[in-house]
Amino acid sequence: MQDVAALANVSAKTVSRVYNDDPHVDPDTRARVVAALESLNYVPNTMATTFRTGRPAVIGLAVPDIADPFFAAIAHAVENRAHERDMAVIMTSMGDDRAQERPIVESLLRRRLSGLILAPIGSDHSYLKRWTSHFPTIFVDRAAKGIAADSFVHDDHDGGVKATEHLLNLGHHRVAFIGDTAVIPTTGNRLLGYRHALAARNVPPDENLIVMGAGTRTGAREVLTMLMALDPPPTALFLSNARISMVGIPALQQLNLRDLSVVGFGDFPMADALRPPLTVIDQSPSELGRQAMDRILDRIDHPRRRYRRSNVFAVRLIERGSCFPAVHSE
């Protein structure tokens, strides 16, 4: 910090105020300090001395929702691998407001981290540039934007194709796609796979069958009610993630919609115990977590070694009892 202060011709206290985004710093002073921070690639000393202290290293993990079974499985795998190396893990949930990613992650980064695993919700991760040269930063589920970083993701596009093709093969031409928000890359890629599968079979797309906002039980009921009011209504549903499946299946039961074929993207606990058991596109969140943690360890142990940045994992269809042939094809 003293080096930054000297370069910017200010006090160390002023550097600290700028670093912590104090709104009362003079704009010209702020600009000089920011330029000095970037020039020196400054990060707090507590992180730069993690290994020199001899204390157990700490891994930061930031995900949208730790209660989501998908992200919980990633977290569990990260913890298991970290504990094998006598490392602690600090976890945080960011929610679904993209504007909250940066302040939440930066709060985590001010701890004494030796590595960061991030399942991002934002669309610009350039704010991480000053950190990535100091410790490994690994993205899971969604790739980084605005920086070069390792990522471990699933083939969401292929999963969208597989789910839609399965329903088309059963004679369903009125297949609805139900999501939360299309701005999330995973949902966007699954929707693109859905569209490509329809186009490959020369099935005309119907934009009325693509609906978002089904992330809650209330939202799921509203979406399903709207879809079933169409003329003609869908005969099959593609639920674009496990959270939507977990709120959508109860909504289907409440509305007594038992004649719809359903495929969900992402397995979850008890999905195979539903009546009927849910057909899913199976991911491997535990593998994502293990691979991300292994990459952090590899980069710590071998800092000069080169690694493949982009890593995409295949998905597979698990057929259960929630899909059946269409009575009438359009």
Side chain [X], main chain [Y], donor-acceptor under 3.5 Å:
{"X": "Tyr307", "Y": "Asp298", "value": "yes"}
{"X": "Ser39", "Y": "Ala35", "value": "no"}
{"X": "Arg275", "Y": "Ala273", "value": "yes"}
{"X": "Ser107", "Y": "Pro103", "value": "no"}
{"X": "Thr279", "Y": "Val263", "value": "no"}
{"X": "Arg32", "Y": "Ala8", "value": "yes"}
{"X": "His172", "Y": "Phe324", "value": "yes"}

Could you walk me through whether Arg195 and Ile210 pass the side chain to side chain contact (heavy atoms under 4.5 Å, CB included) check? CA-CA 10 Å; Arg195 292 185 183 278; Ile210 300 171; 3.3 Å; yes
Contacts of Arg309 that satisfy salt bridge (Lys or Arg N to Asp or Glu O under 4.0 Å) - sequence neighbours left out: Asp150
Distance check, rounded to the nearest 0.5 Å: [X] atom [atom1] versus [Y] atom [atom2]?
{"X": "Phe238", "Y": "Ile178", "atom1": "CZ", "atom2": "CD1", "value": "10.5 Å"}
{"X": "Ile296", "Y": "Ile59", "atom1": "CD1", "atom2": "CD1", "value": "4.5 Å"}
{"X": "Leu297", "Y": "Arg295", "atom1": "CG", "atom2": "CZ", "value": "11.0 Å"}
{"X": "Leu109", "Y": "Thr137", "atom1": "CG", "atom2": "OG1", "value": "7.5 Å"}
{"X": "Leu239", "Y": "Asp180", "atom1": "CG", "atom2": "CG", "value": "11.0 Å"}
{"X": "Glu287", "Y": "Asp294", "atom1": "CD", "atom2": "CG", "value": "8.5 Å"}

Restricting to side-chain hydrogen bond (donor to acceptor under 3.5 Å, both in side chains), what partner residues turn up for Ser151, sequence neighbours left out? none
Are Leu255 and Val223 connected in the hydrophobic side-chain network, where two residues link if heavy atoms are under 4.5 Å apart? yes
For Ser286 and His76, what are the C-alpha separation, side-chain angles and deciding distance, and is it a side chain to side chain donor-acceptor pair (under 3.5 Å)? CA-CA 7 Å; Ser286 295; His76 186 63; over 6 Å; no
Salt bridge (charged side-chain N to carboxylate O under 4.0 Å, His left out) partner of Asp156, the single match among Lys162, Arg142, Arg190: Arg190
Quick one: do Ile184 and Asn241 satisfy side chain to side chain contact (heavy atoms under 4.5 Å, CB included)? Show the steps, please. CA-CA 11 Å; Ile184 297 175; Asn241 62 47; over 6 Å; no
Arg320 with Asp267: basic N within carboxylate O range, under 4.0 Å: yes
Is any NZ, NE, NH1 or NH2 atom of the basic residue among Arg85 and Asp301 found under 4.0 Å from an Asp or Glu carboxylate oxygen of the other? yes
Report the C-alpha distance between Phe70 and His154 in whole Å, list the side-chain angles of each, state the deciding distance to 0.1 Å, and finish with yes or no for side chain to side chain contact (heavy atoms under 4.5 Å, CB included). CA-CA 12 Å; Phe70 179 84; His154 287 112; 3.9 Å; yes
Taking atom CZ of Arg217 as the centre, report whether more than 12 heavy atoms of other residues, nucleotides or ligands fall under 6.0 Å from it. no
Would you say that more than 12 heavy atoms from the other residues, nucleotides or ligands in this model lie under 6.0 Å from the CG of Asn169, or not? yes
Do the ring planes of Phe313 and Phe152 sit parallel (below 30°), tilted (30 to 60°) or perpendicular (above 60°)? tilted
Chi angles and distances behind the side chain to side chain contact (heavy atoms under 4.5 Å, CB included) call for Ser240, Leu191: CA-CA 8 Å; Ser240 67; Leu191 176 56; over 6 Å; no
